[in-house]
Amino acid sequence: MNLEQLRAFVTVAQLGNFTRAAEQLHLAQPSLSRQISTLEQSLGAELFHRARAGSTPTAAGEALLPLARRMLADAASVRREIDELAGLRRGRIRLGATPTLCISLVAEVLSAFHAEHPGIELHITESGSRGLLDDLAGGELDLALITTSDAASAERFTVTPLLVEELVVISSSGTPPLTSRKSIGLGDVAALPQVVFSSTYDLRATTDAAFAAAGLTPHTVIEGAEMDAVLRFVERGIGVAIVPAMVLIERSGLRSVRLSHPTLTRTISIARVSDMAPAAAVEVMQRTIERTAAGLAALPQATMRLA
């Protein structure tokens, strides 16, 4: 049994599919299958029910899964301790963030951090807030930037609020402004053609709930898009979208107007596991995130503030 085999096992268990697991691990599928088979032989038990629809852990697999996650987390902790002996000249940080933060806050953070510490490997995981917290709990991330507060009271996580950010309505800068006023009401937005996010986005749940609470049915022209696609479609004038103000950084093809009645906001927080002391590089990364967030809050648009 080795760490590569355990990592392969945990990845297949999470994804329920050998092909997707091999892609995520950057392995050929036969290599992944051999690792799992070798692990099963060494343990004397089958770990997965293999079917055309997917692979699910057997009873033995279910028993091994939490132990494997813990072993991988402990191995990562040992690596971090060794990296600390070399200072910040080398090491690895595993940062998770939601899609909207990856194209805004995270890009600014990584640029600043890499310039100061070019020897540190940076591994990024892009997912929804709940998925990121699961990865933190499983020892697969060091830090996560999340936009929900569900875990704020959970003992296993330390969650530090960073920014409170408004959601704004964006349109193409090549079309007339949506309004001559400083803000636009949710009722007016509902009547406009909208490009709507995938249901996997926390942002989608927030906007759906706001329309429902107001008794409004939005006029949707495209549904199910990811963040980059939403911004591109709006730039092309296909419709408008409700997005976090932060994603407009350096996007001259878009204009925005603040939303009112109601004003919608989200809180951006940084999370880490409570019972594990962070490595020196992780602490520096957290300080870089906090410093970058403070800089964004100081911008003159007044659409975000420190939490």
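Side-chain contact between I36 and R50 is present, with heavy atoms from C-beta onward closer than 4.5 Å. Inter-residue side-chain proximity for F211 and T217 is flagged as unmet; no heavy-atom pair is nearer than 4.5 Å. Looking only at side-chain heavy atoms (C-beta outward), M285 and D142 stay at 4.5 Å or farther from each other. Here the side chains of V257 and P177 are not in contact, with every heavy-atom distance at 4.5 Å or above. The shortest distance between side-chain heavy atoms of L186 and L216 falls below 4.5 Å. Residues L192 and I184 are in side-chain contact: their nearest non-hydrogen atoms beyond the backbone lie under 4.5 Å apart. Q35 places none of its side-chain heavy atoms less than 4.5 Å from the side chain of L39.
Between the side chain of Q286 and the main chain of E283, no donor-acceptor pair closer than 3.5 Å is present. No side-chain donor-acceptor contact under 3.5 Å links E165 to the backbone of M304. A donor-acceptor distance shorter than 3.5 angstrom exists from the side chain of S129 to the backbone of T147, with no hydrogens or angles considered. Remark: side-chain polar atoms of S173 are paired, donor with acceptor, to backbone N or O of S252 under 3.5 angstrom. Counting only distance, with no hydrogens or angles, the side chain of S269 and the backbone of V159 share no donor-acceptor pair below 3.5 Å. Checking side-chain atoms of T11 against main-chain N and O of R7 turns up a donor-acceptor pair under 3.5 Å. With Q194 contributing its side chain and V189 its backbone, the two residues share a donor-acceptor pair below 3.5 Å. Between the side chain of T58 and the main chain of H49, no donor-acceptor pair closer than 3.5 Å is present. Side chain of T207 to backbone of R204: a donor-acceptor contact under 3.5 angstrom is found. No donor-acceptor pair closer than 3.5 Å links the side chain of R94 to the backbone N or O of T125.
With 3.5 Å as the limit, one finds no donor-acceptor pair spanning the side chains of R34 and S37. One side chain, T100 or R266, offers a donor N or O that lies under 3.5 Å from an acceptor on the other. Checked by atom type, the side-chain pair S198/T200 shows a donor-acceptor distance below 3.5 Å.
Minimum interatomic distance between I268 and L145 (heavy atoms only, all atoms of both residues): CG2-CD2, 4.4 Å. Minimum heavy-atom separation, M227 to I103: CG-CD1, 3.2 Å. The two residues I120 and A281 make their nearest non-hydrogen contact at CD1-CB, 4.3 Å. For P161 against A307, the heavy-atom pair with the smallest separation is CB-CB, 3.6 Å. Shown here for A225 and F233, the closest heavy-atom pair between the two residues is CB-CE1, 4.2 Å.
Taking CD of E290 as the start and CG of L162 as the end, the distance is 6.0 Å to the nearest 0.5 Å. L254 contributes atom CG, which lies 4.5 Å from atom CD of E235 (distance to the nearest 0.5 angstrom). One distance of note links CD of E166 with CG of L259; it measures 8.5 Å at 0.5 Å rounding. Once rounded to the nearest 0.5 Å, the distance linking CG of L64 with CZ of R69 reads 10.5 Å. In this structure, E108 CD and L110 CG are separated by 9.5 Å, a value rounded to the nearest 0.5 Å.
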CA sep, side-chain torsions, deciding dist, call: T288, T292, side chain to side chain contact (heavy atoms under 4.5 Å, CB included): CA-CA 6 Å; T288 303; T292 305; 4.2 Å; yes
R255 vs L178, side chain to side chain contact (heavy atoms under 4.5 Å, CB included): CA-CA, chis, key distance, verdict: CA-CA 9 Å; R255 65 160 54 95; L178 299 179; over 6 Å; no
Worked verdict on I289 versus L95 for side chain to side chain contact (heavy atoms under 4.5 Å, CB included): CA-CA 11 Å; I289 293 171; L95 175 65; 4.2 Å; yes
Step-by-step side chain to side chain contact (heavy atoms under 4.5 Å, CB included) determination, E140 to L72: CA-CA 8 Å; E140 297 167 39; L72 290 172; over 6 Å; no
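The aromatic rings of H117 and F113 sit tilted relative to each other, their planes meeting at an angle between 30° and 60°. Taking the six-membered ring for Trp and thresholds of 30 and 60 degrees, F18 and F48 have ring planes more than 60 degrees apart, a perpendicular arrangement.
Checked for salt-bridge contact, D134 and R130 miss the test: no charged N lies under 4.0 Å from a carboxylate O. Under a 4.0 Å N-O distance rule, the pair R232/D228 does not qualify as a salt bridge.
Hydrophobic clustering (ILVMFWY, side-chain heavy atoms < 4.5 Å, transitive): M246 and V164 are in distinct clusters.
Remark: of the listed residues V243, T206, T265, T206 is the sole one forming a side chain to side chain contact (heavy atoms under 4.5 Å, CB included) with L167.
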